[in-house]
Amino acid sequence: MSMNELVERIAVCPGSFDPLTNGHVDLVTRAARLFDRVVVAILVNEQKTALLSETERLALAREVFAGERRVRVDTFDGLLVDFAGRVGATAIVRGLRSAADFQDEWPMAVTNRHLQPGVETVFLVPAPEVSAISSRLVKEIWRLGGDISGLVPGPVETRMRALGPVTRATP
Ligand code: PNS
């Protein structure tokens, strides 16, 4: 057995996760079947207008993935490829729901590989039933008082309900 076969394959699943949706859960679960270890990487600092604080996003993701042995959750700021290097990841996993996603993802994948040739981007196709979910739509439905159950994991739904009408009224 070569040394290469003994090295753990680590992937990063990056995103804003504001909030974590059932689409994200689908993606991370698929990634955990392909890689030895998956680090869910929550981008913080850049998005000052995030609905959920970085502490909340981190706690919720940790709660949701608590049962996934191969998955851990962390926050990052700065360049994604630098974070990937710090955790020893050789892959960035992103979901492709549609051609529109590919249009956004392609320049990022190419640029990230330019910055760090040792890290490949891997695209996974989500389950059809979660393919129309986005954090943006979830927030819009929630802000307008709609039902977000079935779109986000239970702990996220509970947290968003608890934010209440005061937060919902703010633009
Ligand atoms: O959930 P999102 O908002 O689609 O995730 C976007 C994310 C976090 C993957 C992207 O914005 C990112 O990687 N930001 C970190 C800064 C960085 O590395 N930028 C260069 C990308 S080529």
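In listed order, ligands and their atoms are each counted from 1. Computed over heavy atoms, backbone and side chain alike; hydrogens, waters and symmetry mates excluded.
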Exercise. Atom CZ of Arg37 and atom CD of Glu68: how far apart are they, to the nearest 0.5 Å?
Worked result: 12.5 Å
For this session: Tell me, please: is Gly78 in heavy-atom contact with ligand 1, that is, under 4.0 Å?
Result: yes
For this session: Answer with yes or no whether the hydrophobic clustering places Phe102 together with Leu124; edges join I, L, V, M, F, W, Y residues whose side-chain heavy atoms lie under 4.5 Å apart.
Result: no
Exercise. Backbone or side chain, does any N or O of Asn112 fall under 3.5 Å from an N or O of ligand 1?
Worked result: no
Exercise. Quick check: are there more than 12 heavy atoms from other residues, nucleotides or ligands sitting under 6.0 Å from CZ of Arg113?
Worked result: no
Problem set entry | Hydrophobic cluster identity match, Val40 and Leu96, side-chain contacts under 4.5 Å | no
For this session: Have a look at Leu80, Leu79, Val44 and point out the one with the heavy atom closest to atom 13 (O) of ligand 1.
Result: Leu80
For this session: Answer with side chain, backbone, both or neither: which part of Thr111 has a heavy atom less than 4.0 angstrom from an atom of ligand 1?
Result: side chain
